[in-house]
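What follows is a short report on a single structure.
Below, read A as the first sequence line, B as the second, and so on, with proteins coming before strands; counting in each chain starts at 1.
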Amino acid sequence: MKGPSSKWAFSMGFLVGACSVYVFLHQVWFERSYPVLSEAQEKATAAVERPTSWRKEGAALINLLHPHHADEDSWVADVLYQKVRVLCWVMTGPYNLQSRAHHVRATWSRHCNVVVFMSSVEDPDFPTVGLGTKEGRDQLYWKTIRAFHYVYEHYVNEADWFLKADDDTYVVVDNLRWILSNHTPKEPIYFGKRFKPYTKQGYMSGGAGYVLSKEALKRFVEGFRTKVCTHTTPVEDLALGQCLEKMGVMAGDSRDTLHRETFHPFVPEHHLTGKFSKSFWYWSYCYYPIVEGPQCCSDLAVSFHYVEAELMYTLEYYTYHLRAYGYTPRYQPPLHQGLSFGPLSQTTVMVGIKEAQEVTDGRSLTSTAFAFSGNQSKTEMKSHTGERDHLNSVVTENGTVVTHDRHH
Amino acid sequence: MFMKGMIMGGIFCLVLSLLASFNPSTEHTTEDHHHHHLQAPSKDELKHFSHSQMEDLSNQVRVYCIIMVQPKILVYWAAAIHTWSKHCDKAVFYTSEASKALEAVDLNEKDDWARLRKALTHAYENAGDLRWFFVAQPTTFAIIENLKYLLLTKDPNEPFYLGNAAKSGELDYVVYDSGIVLSYEALKRLVNVFKDEDKCPERGGSLWNVGEEKQLAMCLKYTGVFAENGEDIHGKGLFNSKSVESLISDSMQANPTNVVEGCCSDMAVTFNGMSPDQMQANPTNVVEGCCSDMAVTFNGMSPDQMQVMMFGVYRLRPYGHDFHDLLIFDPPVGSDND
């Protein structure tokens with residue numbers, strides 16, 4: 001009797017043991033087979049752009065951290081951020097806070113050193129300054145006058161340059177710094193999209209944004225103090241231009257080294273693909289010759305106007321995110337000689353040279369770039385950037401030679 | 001006795017499992033292809049390659065673009081010619097009927113599936129030493145450099161069929177309008193199975209109204225090639241069936257006030273680690289959640305929007321931000337919008 005029952009007990013035990021071990025193993029292996037998932041999860045959180053930290057000071061947002069991207073080397077941009085401090089003030093109103101100013105705050109204004117939103121009414125949460133005016137096109141110059149006075153009174157020492165933009169203007173602040181790096185804030189000068197009528201030296205389009213040096217701002221405020229400047233007309237950009245002209249502030253040339261415009265009064269699509277009809281006012285207003293098609297606009301574009309919410313984010317995506325891996329753009333702008341990087345100025349942080357060094361000094365870096373030409377000729381690069389300075393063409397030469405070596 | 005039985009049973013099961021796990025080790029390599037996600041290489045991964053290996057990889061990853069056009073969409077055809085197709089190593093336009101305005105290989109075929117078959121066969125026969133094939137329609141905009149980066153470490157002598165992978169019942173297929181990528185091996189197998197009228201009929205599909213993208217998937221499936229989803233290292237899809245504007249718009253709606261993550265990656269949505277206070281303080285953008293930085297395709301953009309995209313991808317950039325990429329791609333000959 002003992003025999004069969006003990007065999008039975010054995011079999012039962014065998015089954016129970018086998019099943020429990022099977023279940024146990026299944027759980028362990030199940031978890032192990034999904035490490036890819038958790039790895040990707042970790043990467044997802046790590047990849048998020050480090051958030052900018054703002055410090056609220058009154059109605060201004062002081063930017064403590066220049067927005068950074070994982071994977072990128074923004075050393076040059078960081079240095080410019082320190083040396084060319086830009087205060088951005090954005091012309092808005094109480095009815096446009098959520099529909100326009102909100103998107104400015106979420107996108108390009110994060111790249112300014114300081115940003116102040118100017119409205120007719122104070123809003124401590126957004127935050128906006130209340131300029132004490134009414135709203136409407138006829139108030140534009142009043143708002144501008146008061147906004148600049150406010151900025152001068154509260155933040156003149158926080159920045160070197162003072163940018164005015166509308167809440168439907170998109171600005172690439174890093175490119176603005178590049179242009180300004182060739183000048184000093186002590187120069188009485190201002191930049192923007194230059195128009196020619198009604199003034200001797202021209203004036204800057206309001207919608208495309210304009211930026212005053214510290215000296216220019218001082219003179220603007222001084223002009224009103226001495227009554228040399230008054231509220232003449234609500235046409236804000238023209239009136240400001242006339243005041244600055246009276247105060248001896250120069251209207252600068254904001255075009256890039258290939259004479260392509262950087263400040264734009266319309267959206268990218270309009271400039272890149274549109275044909276302006278010959279009777280359109282634009283033709284008679286532009287100070288410099290209009291170029292239609294892709295060469296209308298510099299690679300280092302600074303601004304576009306009439307930009308609605310969706311386009312704000314799209315432009316932020318195009319500028320700071322979407323790119324073609326490994327692509328060497330045709331335009332290799334030099335770092336302006338004016339800017340000294342202190343002890344490092346000897347090694348010269350010219351962008352062009354840096355890239356060549358990467359190729360030539362491949363061994364000294366942890367990674368080396370490999371040129372991939374396929375059926376593409378490298379002489380292309382030279383023919384499209386005829387106006388480069390000597391230094392850059394030497395750089396190109398080196399670049400070309402080295403990459404040719406790799407492909408025999 | 002029971003205890004002894006239990007112990008014996010446990011050991012038996014353990015031994016059996018260990019034995020079983022050794023067998024599928026060969027299955028594992030093909031298992032990888034069944035995995036359905038194909039990710040771009042990480043920077044670390046690339047650092048392990050020697051100079052000469054990188055050179056070989058760069059040479060290997062050249063792309064033959066097969067662009068399926070029709071005279072009725074001439075304006076898109078022209079857009080493809082003047083924009084992104086210049087970045088292909090070889091771009092061939094295949095048309096349903098000849099057009100006086102633009103040059104293409106005239107397949108003289110009205111049926112979509114039959115035309116696709118002919119185009120693929122022609123490409124295979126004229127591949128030269130190109131090993132990767134990208135099939136697109138002219139309403140698609142492709143960033144070929146990013147495609148090359150995705151494919152960099154993949155062997156074209158292995159069968160690859162990838163893009164934006166979708167499911168129809170049991171069938172995994174690559175969506176046509178966001179671009180289809182085929183390796184040389186996959187195309188070779190495909191061209192062979194074209195000869196089999198049972199498995200891969202030329203005219204059968206129209207009876208069931210099955211689109212050519214699904215017919216392609218079925219034929220490839222017979223040859224053991226399965227659809228895979230192309231993703232970046234964060235798991236975000238690289239092949240988009242919508243336009244940038246549309247995706248940004250979706251992201252804006254999904255994340256109205258705050259928003260680090262958004263539309264195009266499931267992974268990302270669940271990992272928004274910020275507290276509500278942080279999100280208030282960081283009105284970060286809809287952009288993060290939208291689309292990959294290394295996106296390969298977008299679809300449904302107008303020709304004008306494609307010109308803007310050329311500017312946005314190849315030219316517009318913030319000064320002073322460098323990427324030390326491990327490959328260099330030069331601007332193509334004969335264009336001024338990049």
Check the side chains of [Y] and [X] for a donor-acceptor pair under 3.5 angstrom, ignoring hydrogens and angles.
X	Y	value
Asp232(B)	Gln39(B)	no
Glu228(B)	His36(B)	no
Glu316(A)	His103(A)	no

Can you say whether [X] sits under 4.5 Å from chain B via the side chain, the backbone, both, or neither, judging by heavy atoms?
X	value
Ser11(A)	neither
Val172(A)	side chain
Leu272(A)	side chain

Contact winner vs chain B - [options], heavy-atom pairs under 4.5 Å:
options	result
Leu176(A), Leu315(A), Asn175(A), Val267(A)	Asn175(A)
Leu300(A), Asp71(A), Thr273(A)	Thr273(A)
Ala324(A), Ser20(A), Cys19(A)	Ala324(A)

Residue pair Asp89(B), Lys148(B): steps toward the salt bridge (Lys or Arg N to Asp or Glu O under 4.0 Å) verdict
CA-CA 11 Å; Asp89(B) 292 277; Lys148(B) 290 182 177 181; 2.8 Å; yes

Ranking Asn337(B), Asp304(B), Val296(B) by heavy-atom pairs under 4.5 Å to chain A gives rank one to Asp304(B)

Mind ranking Met294(B), Gln305(B), Lys4(B) by heavy-atom pairs under 4.5 Å with chain A and telling me who comes out on top?
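Among the listed options, the one with the most contacts to chain A is Met294(B).
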
Interchain contact, [X] with chain A, by part (heavy-atom threshold 4.5 Å):
X	result
Met8(B)	both
Met310(B)	neither
Ile11(B)	neither
Ile143(B)	side chain

Tell me, please, whether Phe323(B) has Arg323(A) positioned over its six-membered ring: NZ or CZ under 6.0 Å from the ring centre and within 45 degrees of its axis?
yes

Checking Arg260(A) against Tyr331(A): charged group under 6.0 Å from the ring centre and within 45 degrees of the axis?
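Yes - Arg260(A) lies over the ring of Tyr331(A), closer than 6.0 Å to its centre and within 45° of its axis.
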
What pairs with Val291(A) under side-chain contact (heavy atoms from CB on, under 4.5 Å), at least two apart in sequence or on another chain?
Gln295(A)

Using 30° and 60° as the class boundaries, would you call the ring planes of Tyr320(A) and His321(B) parallel, tilted or perpendicular?
perpendicular

